[in-house]
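Working notes, structure below.
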Amino acid sequence: MAEATQANELKGLARFLVNSGLLTPEMAKQTVKDARKAGQPLVQFLVEKGHLEPRKIAVLAHQEFGLPLLDLDALPKDSFPKGLVDGELVEKHQMLPIFQRGKRLFLATADPTNQEGIKELQFHTGLSLEIVLVEADKLSRVLNEVVQAQETALGMALEENLENIDFDLGEEEQGNEGDNLEVDEAPVVRYVNKILLDAINSGASDIHFEPYEKSYRIRFRQDGMLYEKASPPVNIAHRLSSRLKVMARLNIAERRVPQDGRIKLKISKNQAIDFRVNTCPTVYGEKVVLRILDSSAAQVGIDALGFEEDQKELFLKAIHRPYGMILVTGPTGSGKTVSLYTALNILNKPEINISTAEDPVEIQVEGINQVNINTATGLDFAEALRAFLRQDPDIIMVGEIRDLETGEIAVKAAQTGHLVLSTLHTNDAPQTLTRLANMGIPPYNIASSVNLIMAQRLARRLCEHCKTPEELPRTALLEEGFTEAEVAEGLTIYKAVGCDKCTNGYKGRVGVFEILPVTEAIGQLIMEEGNAIQLKELALKEGYYYDLRAAGLKKVKAGITSLEEINRITKD
């Protein structure tokens, strides 16, 4: 009696399997719970776990429900209706359209009691459904093949047949309504999504959408270099920019002024990628550049940055001081933000209050108070710094010291018990000290507040699969900066070749650093208003400092990068 009551509590396939004697009520209830937890249809779960034979379930269901039973392997896969139902939906319910006749659609399933799935597919297709029973293991395998084949066909269509897609330009000047009609076109939407995914998969840092008079070019920046990746038809230029602007929530009717926005692309339930978007009107349309914001870049750890051991020791010592200023310098794209956030991640603890002011915030980190600079509302770096100092900070990070006002507040903060991290745009570390003096900051304030200056560049790493030793004459090596001792001991340097695992012989990047701690002697020279050349000479004499060129040659000697690459980033 108790078993009959338990069986009545069950529904659908579980109840049928209990009534057929294949499962006990207790086992059925537990299996339903486990299948729901695994996110799988019950019959698929039972078969995959080996609890029941798929053939036995199909035969019993055929006898019970009087539905036709087919061998799915005997049906030609290329004859299945295509595009009727989204692949995600058929995988979710394990139901496959196998034949269409007029308004009737024959649907293969191993679970005819799945009324939710049947109703959902009927709604999406708008057709009358005829249910056909098949074995669960065969259905699962064929579903995988069909969905994969559809995805491959879509990818090929996007890559190879875009020229053949008919895009109706409509009127040259349209309002919001016309623009909305344009960007709703599925081919453009799919094409833009594919470009974004390709950029993420290839490790690109930026995507450039560039219109010209007779052509359109899409380029990716990989390892610091731009490479052309696609040339879609020029007549869809406006549609591409409109689609990107819709994704970034920008005004698609405004094409005369630059605009800034952000895109959040959800790749899966647990993974999302952010893009910073900027549009700029050009002669032949709007150029759109997307910066891929990778929050994981700040989690790489200090050992992955590329410091030499002595440099790492100096850097760690400086960031663990309770007050003072650390300045990072280098051109745009040299990895300054990643270096600063690596330091902040080391320091990010519950007992420490960290605030940052950036233009804009590129890497979002839990536990750090991050502020986006907005000059339109009067929130500039100086104003943000003033606010931070009223909020009991321990560590402050300023995106960039651009003017005397910001510099003076940062120096004051560093002198009053706060650790301040910031950036400047100078060529090397000694020039940073003279740059601060040129801004108008008194030399004694510079000497008493700055703890350490770090100049950096990013060099492309040689591909480990294809790099090849390069033979250079002794005189050439000496001219490049290697010492007599290094050449005499049998120096081996490598050159880029190129293979299917890299881009032109390089894969990834490594930092090249020049670190200058402000010692007592350096501080004294600053107060005496010494210039950059004198500061560099003194640092070299003290023995702990070597410049970017020397640091780059160490990377060449270690086989990490090529001499050609170091010449590219360090030679004047």
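In what follows, residues are counted from 1 in the order of the sequence shown. Quick note: numbers below take in every heavy atom, side chains included, and nothing from hydrogens, waters or symmetry partners.
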**OP:** Would you please name every residue forming a side-chain contact (heavy atoms from CB on, under 4.5 Å) with P331, sequence neighbours left out?
**Re:** S334, R457
Original post:
Is the CZ atom of R141 crowded by more than 12 outside heavy atoms at less than 6.0 Å?
Top reply: yes
Subject >> side-chain contact (heavy atoms from CB on, under 4.5 Å) involving D500 - partner list, sequence neighbours excluded >> reply: none
Subject >> Minimum-distance pair of heavy atoms, taken over all atoms of V510 and G306 >> reply: CG2-CA, 3.7 Å
**OP:** Identify, with sequence neighbours excluded, every residue that meets side-chain contact (heavy atoms from CB on, under 4.5 Å) alongside S202.
**Re:** A204, F220, Q222
**OP:** Kindly write out the residues that satisfy side-chain hydrogen bond (donor to acceptor under 3.5 Å, both in side chains) with R104, not counting sequence neighbours, or none if the list is empty.
**Re:** E130
Original post:
Quick one: side-chain hydrogen bond (donor to acceptor under 3.5 Å, both in side chains) partners of K507, sequence neighbours excluded?
Top reply: none
**OP:** Taking salt bridge (charged side-chain N to carboxylate O under 4.0 Å, His left out) as the test, write out the residues that go with K287, two or more places apart.
**Re:** E210
Subject >> Minimum heavy-atom distance between S242 and I252, given as atom pair plus value >> reply: O-CG2, 3.7 Å
Original post:
Under the ring pair (Phe, Tyr, Trp, His ring centres under 6.0 Å) test, which residues partner F80, sequence neighbours left out?
Top reply: none
Subject >> E286: partners by salt bridge (charged side-chain N to carboxylate O under 4.0 Å, His left out), with sequence neighbours left out >> reply: K245
Original post:
Would R219 and E228 pass as an ion pair if we require N to O under 4.0 Å?
Top reply: no
**OP:** Tell me, please, which residues at least two apart from Y227 pass ring pair (Phe, Tyr, Trp, His ring centres under 6.0 Å).
**Re:** none
Subject >> Partner residues of T561 under the side-chain hydrogen bond (donor to acceptor under 3.5 Å, both in side chains) criterion, sequence neighbours left out >> reply: none
**OP:** Would you mind listing every salt bridge (charged side-chain N to carboxylate O under 4.0 Å, His left out) that reaches into residues 332-352, with sequence neighbours excluded?
**Re:** none
Original post:
What residues, two or more places apart in sequence or in another chain, satisfy side-chain hydrogen bond (donor to acceptor under 3.5 Å, both in side chains) together with R291?
Top reply: D206
